[in-house]
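Mind having a look at this structure? Questions to follow.
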2 protein chains.
Amino acid sequence: MKTPGPSSTQPPSRRIAEELRAAIEAGHLAPGDRLPSERALAHQYETARNTAREAIRLLAEEGLVTARHGSGVFVREPQRLFRFGSDRYSRSNRETGLTPFRLEARRQGKEARIDVVGITRERPPQDIAERLAVPADEESVLHRENHYFADDEPVQIVSTYLRWEEAEGTPLTQPRTGKDGIYGRLEELGHVMTRVRDEITARMPTRAEATVLGLPSGVPVLEVLHTSLDQEDEPFEVSRYVHRADRTGLFYELPVE
Amino acid sequence: MKTPGPSSTQPPSRRIAEELRAAIEAGHLAPGDRLPSERALAHQYETARNTAREAIRLLAEEGLVTARHGSGVFVREPQRLFRFGSDRYSRSNRETGLTPFRLEARRQGKEARIDVVGITRERPPQDIAERLAVPADEESVLHRENHYFADDEPVQIVSTYLRWEEAEGTPLTQPRTGKDGIYGRLEELGHVMTRVRDEITARMPTRAEATVLGLPSGVPVLEVLHTSLDQEDEPFEVSRYVHRADRTGLFYELPVE
DNA sequence: CATACCAAGTGGCTCAAGCCAGTTGCTTGA
DNA sequence: TCAAGCAACTGGCTTGAGCCACTTGGTATG
């Protein structure tokens with residue numbers, strides 16, 4: 001008797017995908033291994049190449065596998081995570097002179113690079129305007145966009161928004177913001193970071209993000225909307241972090257009650 | 001030529017996708033609207049149906065659009081988020097008698113339902129074993145699996161792991177754990193939750209998760225690995241939350257320094 | 001020995017056709 | 001009036017063919 005399970009009713013592409021998935025999960029196909037070529041699979045399962053191709057697409061969508069044009073389809077290697085702890089905003093951390101990103105990169109023996117992509121005065125997106133308490137219909141913010149790389153591979157996009165009226169004419173509008181970075185300058189403006197709020201969601205990348213981050217299909221992004229509050233509980237900085245999810249872990253530790 | 005023109009060099013499927021995407025982002029196609037049928041698109045762009053189909057697949061992968069068999073392809077409606085704050089573990093919250101999930105569901109005017117899917121003694125997965133400080137090669141944990149629904153739509157899967165030696169013979173092994181739920185019972189066992197650790201990642205769902213959560217393609221999941229620590233800083237409970245990302249927002253607020 | 005080149009292999013994308021399986025709304029008959 | 005049934009839509013999946021772009025490794029050439 002056949003398994004009355006999914007396998008009998010399933011379309012061929014699903015069945016092929018299922019068997020490959022099983023092989024991967026069982027370790028018969030290890031991370032980095034190449035799958036049989038589309039043509040080989042098609043022949044092996046006595047089906048059309050498009051059907052084998054479809055099976056591979058299903059696995060790619062799940063993030064199990066990625067295709068390299070001209071070379072083959074490979075089992076995805078588990079990526080070492082960049083871990084960002086809730087202590088990443090702490091001052092003690094800042095005093096090491098290393099940003100959390102550089103610290104983490106060093107821990108992994110990788111070279112960190114941060115590109116300043118743009119520093120412009122802008123009208124803020126709605127969500128930013130709300131959190132920074134500025135009008136959304138004026139050019140009320142300074143927008144700094146940075147791209148972060150580890151060994152020249154992009155891992156995150158960060159957009160930082162500051163009140164234009166505060167940032168205007170300060171080093172905050174310059175690529176190099178000086179000692180302790182923007183938080184150093186913001187302290188001089190009277191904002192001591194005393195509390196942070198992080199709002200976290202996950203989604204599929206936009207095309208632009210997929211391009212910048214070099215994301216293969218099947219890799220979502222983590223979006224963190226971060227708000228810094230000062231000693232008077234006023235928000236003074238809001239950032240949007242877009243991380244590639246397969247390389248990022250967030251870590252929050254907090255007291256209860 | 002390095003950068004091929006936006007639309008000139010692009011394959012037809014990409015071009016169709018791009019135009020549809022633009023229409024969606026411009027609001028010409030509003031959330032809930034139906035896209036032209038595959039056959040109509042194919043005709044309109046003078047291409048094969050498979051090519052139009054491919055274009056739609058691209059949009060579905062981005063999460064912009066979902067197909068309904070027999071009915072059409074629709075612009076995805078932005079989902080109201082279930083927000084889970086960092087206060088969700090606090091005792092004051094617990095004393096309302098409502099779990100954070102029920103609270104949030106009520107806030108949205110939806111009916112919450114929690115199914116107890118299984119309560120079994122098991123060998124813990126590696127990551128759980130490490131965090132709960134139990135051996136991974138024995139049946140050292142009690143595993144409670146729950147599915148959470150809002151208006152009968154599944155939104156999260158929760159696996160809670162407790163030390164078997166503690167849980168054995170207590171109401172923790174029963175579907176109904178009594179007043180204040182498992183944390184109430186754990187307090188009676190001498191564990192007062194004083195600190196929590198949440199480790200957050202995002203990924204594409206496994207097939208099983210996609211099935212349980214009824215996920216269309218293009219929706220990732222948020223995975224939260226939660227550890228509760230007691231007054232002696234000992235971990236006494238570990239849970240794995242799997243949320244559908246398009247309905248979930250996590251919210252952490254913490255003091256700095 | 002180094003380099004340029006090329007052939008064979010790989011995935012990327014398309015075509016045109018067909019059948020299947022859900023959904024929807026109209027028609028028809030009780 | 002209402003329900004059953006059906007036709008005309010929708011997307012789901014497959015076939016088998018072809019061309020293109022990229023990668024790889026061997027080979028001929030300088």
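Keep in mind that what you see is a predicted model, and the values were worked out from it rather than measured. In what follows, every chain begins at residue 1, and chains take the letters A, B, ... in the order their sequences are listed. Excluded from the calculations below are hydrogen atoms, water molecules and symmetry mates; all remaining heavy atoms, backbone and side chain alike, are included.
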Which nucleotide in dG11(D), dT14(C), dC13(D) has an atom nearest any side-chain atom of P11(A):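 From the listed options, dC13(D) comes nearest.
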Along DNA chain D (nearest heavy atom to each residue), the more 5'-positioned of P12(A) and A40(B):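 Going by which nucleotide is closer to the 5' end, it is A40(B).
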Protein-nucleotide distance (D33(A), atom CG; dT10(C), atom P), rounded to Å: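 Going from D33(A) (CG) to dT10(C) (P), I get 16 Å.
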Given dG11(C), dC19(C), dT10(C), the nucleotide with the shortest approach to the side chain of V73(A):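 Nearest to the side chain of V73(A) among the choices is dG11(C).
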Out of dT14(C), dG12(D), dT15(D), whichever nucleotide has its closest atom nearest the side chain of T51(A):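 My answer, after comparing the listed nucleotides, is dT15(D).
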Under-4.0 Å side-chain N/O to phosphate OP1/OP2 contact, S13(A) with dT14(D):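 Affirmative; the distance criterion is met.
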Parallel, tilted or perpendicular, as decided by the 30° and 60° cut-offs, for the rings of Y252(B) and Y252(A):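 Geometry flag for Y252(B) against Y252(A): parallel rings.
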Phosphate-side-chain proximity, S71(A) and dT24(D), N/O vs OP1/OP2 below 4.0 Å: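 Checking S71(A) against dT24(D): at least one side-chain N or O falls below 4.0 Å of OP1 or OP2.
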T47(B) side chain near dC15(C) phosphate (N/O to OP1/OP2, under 4.0 Å):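 True: T47(B) side-chain N/O within range (under 4.0 Å) of dC15(C) OP1/OP2.
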H69(B) over dG12(D), stacked by centroid distance under 5.5 Å, angle under 30°: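 According to the criterion (under 5.5 Å, under 30°), no, H69(B) does not stack.
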d(CG, N50(A); C1', dG18(C)) in whole Å: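 Distance check: N50(A) CG to dG18(C) C1' gives 14 Å.
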Under-3.5 Å donor-acceptor pair between R53(A) side chain and dG11(C) base: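 Result: no qualifying N/O pair found.
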Integer-rounded Å distance: dT14(C) P and I56(B) CD1: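 From I56(B) CD1 to dT14(C) P: 13 Å.
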Pairing of E54(B) and R57(B) as salt bridge, 4.0 angstrom limit: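 Result for this pair is yes, salt bridge flagged.
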Distance in angstrom units between E46(B) CD and dT14(C) P, rounded: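 Checked: the CD to P distance equals 15 Å.
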Nucleotide dG18(C), atom P - distance to CZ of R49(B) in whole Å: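 To the nearest whole Å, that distance equals 13 Å.
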NZ/NE/NH1/NH2 to OD/OE distance under 4.0 Å, K110(A) and E153(A):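 Judged by the 4.0 Å cut-off on N to carboxylate O distance, K110(A) and E153(A) do not form a salt bridge.
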Interatomic distance where CZ belongs to R57(A) and C1' belongs to dG11(C) [whole Å]: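 After rounding, the reported distance stands at 15 Å.
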F74(A) CZ - dT24(D) C1' separation (whole Å):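 Computing the F74(A):CZ to dT24(D):C1' distance gives 11 Å.
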Contact nearer the 5' end of DNA chain D, comparing E38(B) with G70(A):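 Going by which nucleotide is closer to the 5' end, it is E38(B).
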S37(B) side-chain N/O to dC9(D) phosphate OP1/OP2 under 4.0 Å: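 Looking at the OP1 and OP2 atoms of dC9(D), neither is under 4.0 Å from any side-chain N or O of S37(B).
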Interatomic distance where CZ belongs to R14(A) and C1' belongs to dC13(D) [whole Å]: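 R14(A) atom CZ is separated from dC13(D) atom C1' by 9 Å.
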Minimum heavy-atom distance P216(A)-R244(A), with the two atoms named: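 Scanning both residues, the minimum pair turns out to be CD-NH2, 4.0 Å.
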Ionic contact status for E19(A) with R15(A), cut-off 4.0 Å: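 Salt bridge between R15(A) and E19(A), a charged N being under 4.0 Å from a carboxylate O: yes.
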